[in-house]
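Since this is a predicted model, take the numbers as computed values, not measurements. First the proteins, then the strands, lettered A, B, ... as listed; each starts at 1.
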Protein chains: 2
Amino acid sequence: MSSSQSLRHQLAQELRGLIHSGKLAPGDKLPSEPELAHERAVSRSSMRAAITMLEEEGFVSRRHGSGTYVTHRPALRNDLSRNFGVSSLIASTGLEPGTAAETSELVSAPPFVAHALEVPEGTAVSELRRVRTADGRPVVDTTDWCRADHLSPEELSGLGVGSVYSALGEHGLVVHHGVATITPGNADAETARRLDVARGALLLTIDQVDMTSEGVSVLVSREHHLADAFAFTVVRHGPGVAAEVHR
Amino acid sequence: MSSSQSLRHQLAQELRGLIHSGKLAPGDKLPSEPELAHERAVSRSSMRAAITMLEEEGFVSRRHGSGTYVTHRPALRNDLSRNFGVSSLIASTGLEPGTAAETSELVSAPPFVAHALEVPEGTAVSELRRVRTADGRPVVDTTDWCRADHLSPEELSGLGVGSVYSALGEHGLVVHHGVATITPGNADAETARRLDVARGALLLTIDQVDMTSEGVSVLVSREHHLADAFAFTVVRHGPGVAAEVHR
DNA sequence: ACGCTCCAGGTTGTCTGACAACTAGCGGCA
DNA sequence: TGCCGCTAGTTGTCAGACAACCTGGAGCGT
């Protein structure tokens, strides 16, 4: 499955694993490019391309004439720049992910959903509402919308803890990336009831639009997270490099 | 100054400019690698390395045998993955950034600051507190801490709207990246007073640790943003690629 | 007229080899 | 002892070649 990726992507993935597993610790110097390439029986150019990817991700930094070094960065929990699902999010805390109060139906698209999915307002779209639980405790109230001709309400329901992403993937709609907007908020009456908290409880809301590599928006989601359930982190690059602000 | 960067970084920067300025629109196909390289009188491998960087950043996507295409992604406002200062943040909304209630002093490091800066608890550190305004309206309450032997309280004050980053840079401490944690919150009495809002007002708090490329933590900051002042967005990669969850 | 196959050109992916630019440490020399 | 310069090692760039793959059109058969 991962062999379908190009060679440099596989090599990059292997290097990420070495760093993530601790075999390469922060500050360590990587073996030289020719050495890394020879070990794996690939050309230096492919190895070099893989290292370039990791450099861009901020995992390593190169010093001309000296070597390539693993950068110091803490192990991130719930890195916002990665598009994981809520299940993985819960699982990463060591708790058991579950689903409650799942409903799936055809609804008239709310304005912001219609706009994001690029369909006329009021178009019928598939909606999936779920309350996600961690060890049985409700922690996230999620709503997903997608075009009815992409996934029907029936296909959306019964996923269990399965990801909507994989369901879309089976229809040839591979989610390439998403754009998320983060806002704080207080629980309204309905959300409070669904999450079993007091009305006005503190929430972190993530509105997200997922799209394919062709730029087709295929999934809109709104997640209300209990404030004390998770801590979201993100690595912010610059201003050392690429600090320019255009326009 | 940008010529000190390696060639592929310059080429990548030029390509980013082409995309950002709209000369290359989403969905457009880039000229072929040999063509791009020939136009700029560089080798294909350097051009290719630059494109690899943009691919990793998500600006373009390559299709084997077909070409390289500009990905469709909205212009992001306040992209969290970029480490801009609060001044740039305010300026990007078209409002005039300002500073109020600036105080700078030597304080005993709070536990989480001491831990982040890797100094013993209670060590004296420089603290800079500022209320940032947009067209005169208070919108962000920020506090910065750094080691006293890096920047004294006197050096921290009087920056005007200048960035703490540039002050650190003049001491050879170039901030390479930061790690931010995002949490929702309600204004306590003091923050409410400083921001001139009701106690309990909705806030988005960003705790951040900035470090050099060597991994030395040089700056800790805590920003309380008024909930309705800004919308923070972030591009989330995957699960199309690199969706694996390790451990 | 329509649909299918096959082919040729174009593009990205990978390989090989070479040299330039730069770093860091070691040893000789004053 | 302290400085200089050299050398081995590493990353940066170049050049050329071929493989793998996609796309559109020509040509053919129905």
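For C:dC15, one of the phosphate oxygens OP1 or OP2 lies less than 4.0 angstrom from a side-chain nitrogen or oxygen of A:Ser46. When the side-chain nitrogen and oxygen atoms of B:Ser45 are compared with OP1 and OP2 of D:dG12, none of them lie within a distance under 4.0 Å. At least one side-chain nitrogen or oxygen of A:Arg48 sits closer than 4.0 Å to the OP1 or OP2 atom of D:dG12. OP1 or OP2 of D:dC22 has not a single side-chain nitrogen or oxygen of B:Ser66 nearer than 4.0 Å. In terms of phosphate contacts, A:Arg62 brings a side-chain nitrogen or oxygen within less than 4.0 Å of OP1 or OP2 of D:dG12.
For A:Arg8, the listed nucleotide lying nearest its side chain is C:dG13; candidates were C:dG13, D:dT11, D:dA15. In this structure, the nucleotide among C:dT12, C:dT14, D:dT13 sitting nearest to the side chain of A:Ser6 is C:dT14.
D:dT11 atom C1' lies 10 Å from atom CD1 of A:Ile51, rounded to whole Å. In this structure, B:His64 places its NE2 atom 8 Å from C1' of C:dT11, rounding to the nearest Å. Remark: C1' of D:dC21 and CG of A:Leu7 are 16 Å apart, rounded to the nearest angstrom. We find that NZ of B:Lys29 is positioned 11 Å from P of C:dG10, with the value rounded to whole Å. Atom CG of A:Leu36 is separated from atom P of D:dG9 by 17 Å (rounded to the nearest Å). Nucleotide C:dT16 holds its C1' atom 15 Å from the CD atom of A:Glu33, rounded to whole Å. For the pair A:Glu55 CD and D:dT11 P, the computed distance is 11 Å after rounding to whole Å. Between A:Glu35 atom CD and D:dT11 atom C1' there is a gap of 14 Å when expressed in whole angstrom units.
Counting atom types as modelled, A:Arg44 pairs no side-chain N or O with a base atom of C:dG17 as donor and acceptor under 3.5 Å.
Salt-bridge check for B:Arg40 with B:Glu14: passed, with a basic side-chain N closer than 4.0 Å to an acidic carboxylate O. A salt bridge between B:Asp144 and B:Arg222 is absent, with no side-chain N of the basic residue lying under 4.0 Å from a carboxylate O of the acidic one. A salt bridge between B:Glu55 and A:Arg8 is present, with a side-chain N of the basic residue lying under 4.0 Å from a carboxylate O of the acidic one.
Judged by closest nucleotide on DNA chain C, B:Ser32 is the one of A:Ser43 and B:Ser32 placed further toward the 5' end.
In this model, a donor atom of one side chain and an acceptor atom of the other lie less than 3.5 Å apart for A:Arg132 and A:Ser87.
Annotation: cation-pi pair B:Arg62/B:Tyr69 absent, no NZ/CZ under 6.0 Å from the ring centroid and within 45° of its normal.
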